[in-house]
Amino acid sequence: MRKIMLRDYFLNKVEEALIKAVKANKLGQMNEYQKGSLIVEKPKNPDFGDFAINVSSLARSAKIAPPMIANAIVEFIEKEDNEYTVVAGFINFKAGETLLINLIKEIIDKKSNFGRPENVETEKIILEYISANPTGPFHIGHGRWAAMGSALANLLKFYGHEVYQEFYINDAGSQIQKLGRSLIIRVKQELGDDIDFPTDEEERKNYYPGDYLIPVAQAFLQKYPDTTLENIDKIELSTFCDFAKEYEEKVQRDLLDKLHVEFDNFYSELTLHNSGKVKHYVDKLTQSGKIYEKDGATWFRSSDYGDDQDRVIKKVDGSNTYLTADIAYHADKLERGFDRMIDIWGADHHGYIPRVKASLEALGYDPNKLEVLLGQLVNLVIDGNEVRMGKRKNMVTLEDLVDEVGVDATRFWMSMRNIDTTLDFDIELAKKSSDENPVFYVQYAHARACSIIRNAVNDRIDTQSGETIKAVMSESDFNSLLNNFNQDIVKLTLKEARKIILKLEEFKHLIVTSARDRQVYTICRYVQDLAAEFHSFYNSTRVITDDKSLTSARLAIVYAFKTVLANALRILAVSAPERM
RNA sequence: GCCCUGGUAGCUCAGCUGGAUAGAGCAACCGCCUUCUAAGCGGUAGGUCAUGCGUUCGAAUCGCAUCCAGGGUACCA
């Protein structure tokens, strides 16, 4: 039997009936139906049904009133055991038991693959995110891209796309020189010199005065123990640059591991220069006449492709701009055979989009293959006060945050808002183990479900009487319940479980829309709704009873619930604990 | 000035390519543990969808204008 989403099942039924109705001349002046002009929605009021289609849009061509259209269509529907009702211009649909019990069967059969769409078009996608300078620890903002990017990768993979996750290391620019110079000062300090960073604000901008370079200086002296204040100035700057860079890259990657953010590749900007690729693409642009010299600099004619103005790619001092390497980098991604590039950038880079797209077009590529997801920034809320994350000042590092609130809370909170919304990260809330904290609420539901299953298959002790209560079924009984699942038993508990089954069904649609929209916050919302539905079911319905068939039916619901919840949490890379 | 986001309940946010009475969580208030995890559940209250005009049978949703907030407007990244 074909597994299909309820809403598509309903839509198909209506469209088939509609075509028949048109042929039978029952729809006024309407003599043709264009597929796709009807949409399925969820009624706000559940009394109307599980899904609804508004046929008012057909009134224009049919020239009869919407209720008449709806009634005419419903007459041609093969209803099976589902319920169709007409209210005003709406055709309401309420799923019958066959569809619902089949759904539980589908979950139990597919397990971790439940929700993965079938027969969809997939692409080979390169997803780039975070892409920080290796000049210091990640800050809070990087955490948002880390959580969203890796969850998006998981989502797109689950959908069926081939996803390659890449971190672009900006290890070539003047930032690295700055880093090396700063390390020299820290090393000198370690050696007892009374030196410090310049106090003049302008000069200070040429350094990274943060404390985080102190341990790097100590590590440097361990590696180069012969370093003294007398000979330090003879050591090449690049030695300091390389050491600090490698150290910070290691710090960054360790944190990514901790956060379960898994890149397929770290792409060094330096290799882009050294391999000649930057020069190659600049030459290509030059050949096509898109490069010119002005005021001693070299410019790219990006305004030919919709950018506000032309952009410098080689400065007066002969060095490249950030854009120059980025042009080569994006062209190289396409040369590596990807159908689509998705980049996650901070909103502060939005002005950058037209020039990168311009470069792709100028090089003869399709600029639409680049999709830039612009993320609004993160504000930290501490004790109810908003602490704005400046570029350098009062920087709370991501690592501090993770140590404070944990990996699961960090990942969930960083993913739970629409990417277009500035994220308020309330540290106190994220730490709480209560219903104020959605992460705990969701995880608790999973642990609770696991606990029920444990109690069903294990003997347990009555805390009041101290007597042993026999397990209602053995572990192997439970396994055969799942392995030879007979969906008909679900009928026994359909009344109580109806709502949660529909919520479980929604997961299939969720994957399709979330993947299409490149949004992961919808997954966060879903797990909260799903958990709420389960908690409600739990409170109203006793699972383990003396009635073995009924117990089996409800255990199947509990198992299906925890399976789907775990699938959703796996996308978010938030753990689904067995007990709490 | 121009460009990008956002403005919905006390707070944080949903609201899909316009549709049935505007939704959730938290906070507030009232209830629910002799039974599988009360880290939970049920209920009540709470809104001029920033403002104005327009398109439409119908607008929180689309268009224009205005106001407010954040970001950008580099030969920084």
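A note on names: the letters A, B, ... follow the listed sequences, proteins ahead of strands, and every chain is numbered from 1.
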### Contact under 4.0 Å: Y168(A) side-chain N or O vs A77(B) OP1/OP2
no
### Pairs satisfying salt bridge (Lys or Arg N to Asp or Glu O under 4.0 Å), at least one member in residues 309-318 of chain A, at least two apart
D307(A)-R311(A)
### Message
Quiz question: going by heavy-atom distance under 3.5 Å, is there a donor-acceptor pair between the base of A77(B) and the side chain of D348(A)?
### Response
no
### Query
Which distance, rounded to the nearest 0.5 Å, do you find between the OH of Y521(A) and the CG of L423(A)?
13.5 Å
### Summary
Picking from G40(B), A20(B), C36(B), the nucleotide nearest the side-chain atoms of V87(A) would be A20(B)
### Evaluation steps, side-chain hydrogen bond (donor to acceptor under 3.5 Å, both in side chains), between R355(A) and S302(A)
CA-CA 6 Å; R355(A) 64 191 85 163; S302(A) 58; over 6 Å; no
#### Entry: Of the listed nucleotides G40(B), U17(B), U12(B), the one nearest the side chain of Y441(A)
G40(B)
### Message
Using O4'-C1'-N9-C4 for purines and O4'-C1'-N1-C2 for pyrimidines, with syn meaning within 90° of 0, is C33(B) syn or anti?
### Response
syn
### Message
Could you check whether the side chain of H350(A) and the base of G72(B) have a donor-acceptor pair of N or O atoms closer than 3.5 Å, going by distance alone?
### Response
no
### Message
Of the options C36(B), C41(B), A20(B), whose atoms approach the side-chain atoms of I544(A) most closely?
### Response
C36(B)
### Task
Taking only the side-chain nitrogens and oxygens of Y521(A), find out if one of them lies under 4.0 Å from OP1 or OP2 of G15(B).
yes
### Query
Starting at CD of E578(A) and ending at P of C36(B), how long is that distance when rounded to a whole Å?
20 Å
Measure all distances between protein nitrogen or oxygen atoms and nitrogen or oxygen atoms of nucleotides 6-8 of chain B, and list the pairs falling under 3.5 Å.
none

### Task
Could you check Y538(A) against E533(A) for side-chain hydrogen bond (donor to acceptor under 3.5 Å, both in side chains), going step by step and ending with a plain yes or no?
CA-CA 9 Å; Y538(A) 173 91; E533(A) 214 58 79; over 6 Å; no
### Task
When you get a sec, tell me which of A77(B), C41(B), U5(B) is the closest nucleotide to the side chain of S536(A)?
C41(B)
### Message
Can you tell me if M68(A) has over 12 outside heavy atoms packed within less than 6.0 Å of its CE?
### Response
no
## Note on the structure
Which of C75(B), G23(B), A20(B) is nearest the side chain of P43(A)? It is A20(B)
### Task
Return the value, rounded to whole Å, for the distance between atom OH of Y526(A) and atom C1' of G23(B).
18 Å
### Message
Looking at C76(B), I'd like to know if its phosphate oxygens (OP1 or OP2) sit under 4.0 Å from a side-chain N or O belonging to K315(A).
### Response
yes
### Query
Hey, does A447(A) reach any base, or is it just sugar-phosphate, or nothing, if we go heavy atoms under 4.0 Å?
base
### Message
Does D47(A) reach a base, just sugar-phosphate, or nothing at all? Heavy atoms under 4.0 Å.
### Response
nothing
## Note on the structure
Listed range with range, the stems formed with RNA chain B by at least 3 consecutive Watson-Crick or G-U pairs (under 3.5 Å) are B:1-7 with B:67-73, B:10-13 with B:23-26, B:28-32 with B:40-44, B:50-54 with B:62-66
### Summary
V543(A) has its side chain closest, among A20(B), C36(B), A39(B), to C36(B)
#### Entry: N/O (side chain, N455(A)) to phosphate O (OP1/OP2, U37(B)) under 4.0 Å
yes
### Message
Can you tell me if R516(A) touches the phosphate of U17(B), counting only side-chain N or O atoms and a distance under 4.0 Å to OP1 or OP2?
### Response
no
### Query
Is the centre of the H446(A) ring less than 6.0 Å from the centre of the F534(A) ring?
no
### Task
For the pair S514(A) (side chain) and L510(A) (backbone), establish whether a donor and an acceptor sit closer than 3.5 Å, ignoring hydrogens and angles.
yes
